[in-house]
Every structure is written in C-alpha cells, then in structure tokens.
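The structure appears right after this line, and notes come after that.
Convention: sequence-line order gives letters A, B, ...; per-chain numbering from 1. As the structure is a computational prediction, the values presented were derived from the model and not from experiment.
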Amino acid sequence: MNDDLHALTIAELSRRIRVRDLSPVELTQACIARVKALDGQLNSFILLLEEQALAEARKAEAEIAAGDWKGPLHGIPIGLKDIYNTAGVATTGHSGLFRDHVPAEDATTVRLLREAGAVILGKTATWEFAIGGSSFDLPWPPARNPWNTALDTSGSSSGSAAAVAAGLVPGSTGSDTGGSIRGPAAWCGIAGHKPTYGLVSRRGILPLSFSLDHGGPMCWTAEDCALMMQALAAHDPLDAASADPGPIDFAGGIGQGIAGLRIGVVRHFFETDVPCEPEVLATFEATLRALQAEGATVRDVILSPFGVYGAVGSLISRSEAFAIHEPHLRATPELYGEYGRRRLMAGAFVRAGDYVNAMRHRSRLVAEVAEAMKAVDVLVFPTSRQTAGPLGEDSMSGRLQPFFNRAFNVTGGPALSVCNGFSAAGLPIALHVGGRPFEDDLVLRVGDAVERIMGTRTRRPALAESLQAAAE
Amino acid sequence: MSMSFEEKLAAMGLKVPPAELPKLEALVAELAQAAEVVRIARPYLEEPQSAFRLQRA
C-alpha cells in the first residue's frame with residue numbers, strides 16, 4: 001500500500017480521511033493492489049469486490065468533501081466473512097453447497113456498516129459454514145497464516161484474521177459460536193471481539209447455533225474493534241435475540257488505562273484443566289505483572305473446570321447446528337467438505353435429554369460467572385494454550401483443543417482476544433479478556449491497555465513485508 | 001441385535017463415505033462423554049430460566 005497505509009489502524013486512517021489528508025479512493029485502491037499482490041499466498045479473500053468498492057469509496061470521498069463525515073468508518077475498507085449476506089453478491093459460507101447462493105438483501109450488520117460509510121472490499125474465507133476446518137476439499141483453498149504460511153490461521157473466521165494481520169484490509173467481520181473470532185485473532189496476532197450476546201444482530205449472517213452465534217469485529221487493535229462496534233451494535237427488532245441495552249460508548253475507555261481495575265485470573269483453566277505451553281504461560285505472567293505495575297489488582301478466581309464449559313458448549317452447538325443443516329445433510333451430503341460434514345452430522349447423535357440438560361447447566365454456568373464477577377471487573381486467561389499449529393492438521397479434534405474461548409460463548413458475556421507477546425519463533429501469543437454482560441467497553445479498554453503496555457502493535461508479520469517488497 | 005454405527009446413520013437418513021466413518025464415530029463418542037458431564041440430578045424448580053412463561057401483553 002502507498003505510504004505504508006497498510007500499517008495504519010482504522011483510527012489513524014480515519015483521522016487522515018476526516019481532515020482530507022487521505023482519500024478513501026486512494027486507500028481503497030491501495031488495499032486492492034495489496035490484495036492482488038499478496039493474497040495469492042494467503043487465500044484470505046474468496047471474492048474481491050473491486051469495482052463496487054471503488055464506487056463506494058468515490059461516494060464516501062464526495063460525501064466527506066461536502067462536509068458530511070459520517071464517523072470513523074467513513075471511507076474505510078472492510079472485509080466481510082463470507083457468511084455475512086450481501087445483496088446481489090454471492091455469500092457462500094465457503095461451501096460448495098452455497099456456491100451459487102446470492103442473497104436478496106444485506107445482513108443487518110452489513111447495512112449498518114454501509115450506513116456508517118464503510119467500503120465493502122470483499123468476502124473473506126471461512127471454515128465451511130463457520131464450523132468445518134482448514135479444508136482442502138472445498139471450492140476455495142483455506143486461508144494461510146501471514147506469520148508463517150505453512151501454519152494454520154485457526155478458524156472459523158480464518159480469512160478475516162489473515163487479511164487484517166497481513167494489512168490487506170484494516171478491519172473485517174467475524175462470527176463466534178465457540179471461539180471463531182478469538183481463535184484466529186489469537187493465532188494471527190490481531191484483536192478480535194466477541195460482543196455480548198444480542199448486541200450485534202444475527203439477521204442475515206448464515207446461522208450455525210441459534211443460542212451461541214455472535215457477530216463481531218476483527219481488527220489490528222482493540223481500539224479499532226471499538227470503532228467498528230460503534231456501527232455494528234444496534235437493536236434489531238427482526239432478530240429475536242437482539243438486545244436493547246441503551247447506548248454504549250465502546251471507544252470511551254480507549255487510552256484510559258487500567259489503574260484501579262480488579263482483574264480475575266481463571267488460573268485452573270490453563271494450569272491444570274488444559275495446561276498451556278510454557279512460552280504462553282510465561283507471556284501471560286509477564287502481562288499480569290505489567291498490569292499490576294499499571295495499578296490493576298489481580299486475584300485468582302475459581303470456576304467450574306474448563307471441560308464443563310466445553311461440554312455444555314459442544315452439546316448445544318452441535319445440536320443446534322444439526323437442526324439447521326439436517327435437510328442439506330440428508331439431501332446433498334456430498335456438497336459439504338469432510339470436516340464440515342463430520343462436525344455437523346455428529347449433532348444427530350446428541351439425545352434430546354442431553355441437549356436440555358446442557359441448556360439447564362448453561363444457566364448454572366451463567367450464574368457462576370456472574371457471582372465470580374461481583375469481586376472482579378474482568379476475567380483473564382490465555383486465549384490459546386499454544387501458538388499457531390500446522391496447516392492441514394485438524395486443530396479442533398481430540399480432547400486437548402487449543403482454545404479457552406468457549407466459556408464466554410456459553411455465558412454470552414463480552415470477550416476479546418488481543419496480542420500480548422510473541423514466541424521465540426516469532427509467532428503471536430494472545431490474552432483473553434472477558435467481562436460482564438454489556439460491559440464490552442470495559443473489555444475493550446483492558447485490551448487496549450494490554451496492547452499499549454506490552455507494545456505488541458508495532459510488529460507486523462515479516463512475511464507480509466517480504467511479500468510486499470517482492471511485489472514492488 | 002444392536003445396530004452398527006453406519007446403520008444408525010442410515011436410520012436417520014444420513015450417509016458418509018466409508019472412509020469417514022471412524023472419525024465421525026470418534027466425534028460422536030466425544031459428544032457422548034460431554035453428555036455425561038450434564039447428566040446430573042437437578043431440582044425441578046432450579047431453572048426458572050428454562051421454564052416456559054407467558055407474559056400478559
């Protein structure tokens with residue numbers, strides 16, 4: 001991108017656009033050029049909407065020139081996970097089953113982004129229907145990790161994470177049913193925010209699990225996630241799960257630090273329930289010390305074992321996903337990839353009583369976290385027990401799954417993954433911050449403080465830089 | 001006589017390539033283990049959140 005625009009955040013780009021130091025057209029052209037130059041190595045985009053994006057950028061430029069600046073997303077290119085419906089533009093779920101699926105209208109979230117003046121750059125790769133896996137048997141290849149293209153991005157919001165990390169687009173959307181925003185955000189070294197359940201409309205996002213699906217932003221920084229949330233969070237009367245909590249100033253705590261905040265550490269999750277790799281643990285402890293030095297207090301918190309959260313989440317999500325996909329699984333199972341077919345079909349075997357019990361147990365877990373959070377303001381633990389794994393292995397199989405995200409899908413509270421360090425091999429490590437329902441602003445404030453204190457936002461994937469140099 | 005895993009799938013109108021059966025069966029076994037976690041005794045009145053309630057319009 002010209003003038004190193006690819007290394008700027010939405011906040012920085014927006015400031016320049018607002019004072020007309022940067023043209024949305026120039027920025028969009030730079031993003032398109034960078035996608036064309038680099039994405040052959042990353043496969044982060046399924047569809048680049050070049051002409052449409054340039055038209056939207058020209059419109060934004062004219063509006064801003066006329067004094068009608070709509071806010072921080074005005075003129076900012078955004079990628080959409082390809083499960084977000086786009087009017088007249090294919091929304092495939094990265095699946096052969098939906099290869100020709102062209103929605104008649106935008107998802108509510110896409111409409112809100114357009115109303116905020118965002119430029120829709122294209123549709124990003126995903127695990128099939130947000131559940132499949134990094135698969136090679138789908139119509140499009142899996143996204144690759146910009147920090148090392150031999151490695152997995154994780155998922156399911158794989159393309160969004162890779163594209164933002166590589167600086168192809170400053171922000172993107174993801175969805176998170178069992179960690180699908182925060183997992184790839186962690187492995188790709190970006191910020192990913194799973195909002196409080198109901199805060200972001202699900203309408204027009206291809207469903208996976210009725211009671212666990214969350215849409216949300218994926219950006220280079222927590223601050224940028226906050227800026228995207230200002231547009232994405234809105235009550236949607238056409239979404240039965242939509243909440244209406246009143247105004248939340250998502251960016252209000254950015255730059256305010258963490259002095260006086262009470263931080264709870266769910267230590268048993270990552271020390272005894274599913275032990276972390278030593279580098280991840282060391283980075284986590286260094287982060288805690290740094291937060292304490294900035295004035296936060298830290299105490300351990302005991303919850304149910306992580307496996308209980310995982311069990312409840314799995315039973316609910318598999319049951320609900322099967323209910324959604326059953327007709328297609330019966331009629332045309334061959335149109336799914338192997339991972340997606342297997343993960344969706346497994347839900348057929350969950351007994352009705354077990355689904356009901358899982359929902360009942362979920363209520364207990366919600367109450368348990370609410371009680372624990374009377375004594376602390378946020379809960380933290382590593383997002384992932386390890387750094388990115390090899391592409392081509394099924395990272396989500398087996399009992400030692402890499403992520404701790406699921407607890408906050410089950411409870412519905414706000415959660416954020418931010419980069420808090422790097423391994424000796426130069427791979428990102430991430431911290432998970434969870435909060436009380438509708439305190440997304442506080443979670444984003446803590447994530448922003450972590451990024452600033454740990455100094456992780458000045459380091460971009462070296463591979464992306466070398467590819468850039470080769471392209472010039 | 002108990003049904004094979006493949007027969008259980010077929011009874012639900014589902015079918016996968018034979019090579020995928022072992023991994024699907026393993027995943028189903030993981031879910032069965034998960035179900036054991038939530039099969040605990042609970043008082044009938046414990047979960048008002050799960051109760052079906054109507055509200056006066």
Side-chain angles (χ1 to χ4, degrees), chain A residues 133 137 211 304-319 322 325-334 336-367 394 396-399 401 406 410, chain B:
Chain A
D137 61 351
S211 71
S304 293
F306 178 74
V308 175
Y309 286 89
V312 168
S314 291
L315 291 166
I316 295 170
S317 65
R318 302 290 180 178
S319 303
F322 181 72
H325 281 271
E326 181 178 3
H328 296 302
L329 289 169
R330 285 173 182 266
T332 53
E334 71 280 3
Y336 290 86
E338 179 183 348
Y339 287 156
R341 185 166 49 233
R342 177 163 72 240
R343 289 175 180 167
L344 290 164
M345 233 177 239
F349 290 84
V350 178
R351 294 171 11 181
D354 294 329
Y355 174 73
V356 171
N357 281 331
M359 292 297 275
R360 297 170 81 190
H361 209 91
R362 181 183 194 178
S363 297
R364 284 189 175 189
L365 297 177
V366 169
D394 185 359
M396 302 304 284
S397 68
R399 303 193 67 184
Q401 294 188 7
R406 195 155 233 166
V410 170
Chain B
M1 199 170 84
S2 64
M3 297 169 78
S4 70
F5 182 72
E6 191 172 10
E7 288 168 337
K8 289 179 186 172
L9 263 182
M12 290 187 280
L14 300 171
K15 186 177 182 183
V16 298
E20 294 180 22
L21 279 170
K23 286 185 175 176
L24 176 57
E25 193 166 9
L27 185 53
V28 170
E30 284 180 28
L31 284 173
Q33 287 183 326
E36 292 292 337
V37 174
V38 297
R39 288 178 191 151
I40 59 174
R42 293 182 178 82
Y44 178 68
L45 297 177
E46 189 188 66
E47 292 91 18
Q49 298 94 329
S50 303
F52 176 62
R53 279 177 289 184
L54 297 177
Q55 296 180 349
R56 188 186 297 270

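Minimum interatomic distance between B:R39 and A:D354 (heavy atoms only, all atoms of both residues): NH2-OD2, 2.5 Å. Counting all heavy atoms, side chain and backbone alike, A:A348 lies closest to B:L14 at CB-CD1, 3.7 Å. B:P43 approaches A:R364 most closely through the heavy-atom pair CD-NH2, 4.4 Å. Taking each heavy atom of A:G347 and B:L31 in turn, the nearest pair found is N-CD1, 4.4 Å.
Within 6.0 Å of CD on B:E20 lie more than 12 heavy atoms contributed by other residues, nucleotides or ligands. Crowding of A:R330 atom CZ: a count of heavy atoms from other residues, nucleotides or ligands under 6.0 Å exceeding 12.
Neither the backbone nor the side chain of A:Y339 comes within less than 4.5 Å of any heavy atom of chain B. The parts of A:V308 that come within reach of chain B are both its backbone and its side chain, each placing non-hydrogen atoms under 4.5 angstrom from that chain. With a threshold of 4.5 angstrom between heavy atoms, A:R362 does not approach chain B through any atom at all.
Judged by distance alone, with hydrogens and angles left aside, the side-chain atoms of A:R341 form no donor-acceptor pair with the main-chain N or O of B:K15 at under 3.5 Å.
In this structure, CZ on A:R343 lies 12.0 Å from CG on B:L24, to the nearest 0.5 angstrom. Considering CG of A:N357 and CD of B:E36, their distance stands at 11.0 Å, rounded to 0.5 Å.
When side chains are defined from C-beta on, A:M345 counts as touching B:L9, because their heavy atoms get closer than 4.5 Å. Looking at B:V38 and A:V312, their side chains come closer than 4.5 Å, going by heavy atoms from C-beta outward.
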| field | Residue pair A:H361, B:V37: steps toward the side chain to side chain contact (heavy atoms under 4.5 Å, CB included) verdict | value | CA-CA 9 Å; A:H361 209 91; B:V37 174; 5.5 Å; no
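With respect to chain B, the highest number of heavy-atom pairs below 4.5 Å among A:Y355, A:F349, A:Y336 belongs to A:F349.
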